[in-house]
Colleague: 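Structure in structure tokens, see below.
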Amino acid sequence: VILALLILGLTFLACNDPERRTTTTAAAPAFVARGVRVDMALTGDQMILRGSTLSGSTLSFADAGTILRLEGDASITLNGQTGFQASADQISIAPKAAKVELMGNVKARFNLPQEVDNERL
Amino acid sequence: MKDCSLAFIFVLVFSHTVVAQGLNKGAAEISSDKLEVDHGKKHALFSGHVHAVYNDLTLDCDKMGITYDDKGAVVALHAQGGVVVVRGAARATASTARLDAKQGLLVLEGKPTLAQGSHRLFGKRIAVHLTSGKLEVLEASGTFTLGEKTK
């Protein structure tokens with residue numbers, strides 16, 4: 001019994017590890033993914049988009065599977081809590097090249113550094 | 001000498017009423033037709049109907065490149081093509097604009113103009129020191145209407 005509880009506990013902890021957690025909400029045909037480590041899924045050897053958050057209505061792959069494409073109210077937040085957030089009609093991601101391309105109704109958000117948070121700016 | 005005097009008066013008026021009004025903390029919101037991000041080089045390139053808003057300041061241009069740091073904060077900005085910066089009643093135009101965010105320096109080049117009301121200032125290069133509100137105008141000329149109140 002103790003062994004079974006231990007296994008259950010470890011399984012629970014593993015499932016709730018934010019580094020490993022992948023949540024997909026499937027309401028076909030829509031696709032929504034949050035906190036996905038896309039880089040691992042596509043290249044297996046790079047972590048360049050680790051911590052990024054992606055969402056969109058549909059997901060597809062292009063260029064021999066090296067480019068991830070999100071369409072329909074697509075949005076991305078690069079590396080978690082950085083100042084960069086963006087949304088567009090379509091987002092294409094090349095994880096190995098660390099390049100992201102957004103097309104149509106692009107809206108992005110950047111922070112300014114603390115140094116210029118000045119009353120006279 | 002005349003140009004220098006004119007520029008000096010304009011600097012007093014423009015820098016005090018426009019540049020030094022003060023922006024508060026906040027993020028820059030940018031919209032465009034297309035955005036290409038090279039996350040490895042920490043560079044983002046906006047193109048097509050680029051419109052940026054930072055508090056009460058807006059910037060429109062054809063193409064705008066942004067270099068950002070590890071925290072995603074803007075380090076430098078380079079706007080190209082039909083650059084128009086508007087803040088309140090003040091309006092600046094140029095072919096290119098470069099912002100060094102850490103130094104707080106905005107440089108307008110390519111027939112840059114500054115206008116507020118009937119006041120006009122032209123130059124070969126206009127540099128705005130954002131932290132001090134100081135303007136530097138290379139080869140300045142323009143018109144300045146005496147007696148007009150600036151908003």
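Since we're looking at a predicted model, the values are computed, not measured. Lettering of chains follows the sequences in order, A, B, ..., and the numbering in each one begins at 1.
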Colleague: Could you look at B:Asp38 and say if it's the side chain, the backbone, both or neither that has a heavy atom under 4.5 Å from chain A?
Modeller: both
Colleague: Does the plane of the ring in A:Phe110 sit parallel, tilted or perpendicular to the ring in B:Tyr68? Use 30° and 60° as the thresholds.
Modeller: tilted
Colleague: With the 4.5 Å side-chain cut-off for hydrophobic clustering, are B:Leu59 and B:Leu45 part of the same group?
Modeller: no
Colleague: Using the rule given for side chain to side chain contact (heavy atoms under 4.5 Å, CB included), can you reason through B:Lys34 versus A:Glu101, listing the C-alpha separation, both sets of side-chain angles and the distance that settles it, and then say yes or no?
Modeller: CA-CA 7 Å; B:Lys34 184 178 180 182; A:Glu101 184 175 289; 3.8 Å; yes
Colleague: In terms of hydrophobic clusters joined by side-chain contacts under 4.5 Å, are B:Leu99 and B:Leu57 together?
Modeller: yes
Colleague: With a 4.5 angstrom heavy-atom cut-off, is it the side chain or the backbone of B:Ala52 that approaches chain A, or both, or neither?
Modeller: neither
Colleague: Atom CE in A:Met103, atom OG in B:Ser47: separation rounded to 0.5 Å?
Modeller: 8.0 Å
Colleague: Could you check which of B:Gly48, B:Ala44, B:Ser31 has the highest count of heavy-atom pairs closer than 4.5 Å to chain A?
Modeller: B:Ser31
Colleague: Show the nearest heavy-atom pair for residues B:Asp33 and A:Val106, with the distance to one decimal.
Modeller: O-CG2, 3.6 Å
Colleague: Applying a strict under-4.5 Å side-chain criterion to I, L, V, M, F, W and Y, I'd like to know whether B:Leu35 and B:Val53 cluster together.
Modeller: no
Colleague: Measure the shortest side-chain to side-chain distance between B:Glu29 and A:Lys107 over non-hydrogen atoms and say whether it is less than 4.5 angstrom.
Modeller: no
Colleague: Heavy-atom cut-off 4.5 Å, strictly under: side chain, backbone, both or neither for B:Ile66 against chain A?
Modeller: side chain
Colleague: Checking A:Ala108 against chain B: side chain, backbone, both or neither under 4.5 Å from a heavy atom?
Modeller: both
Colleague: How many angstroms lie between NE2 in B:His49 and CG in A:Asn105, if you round to the nearest 0.5 Å?
Modeller: 11.5 Å
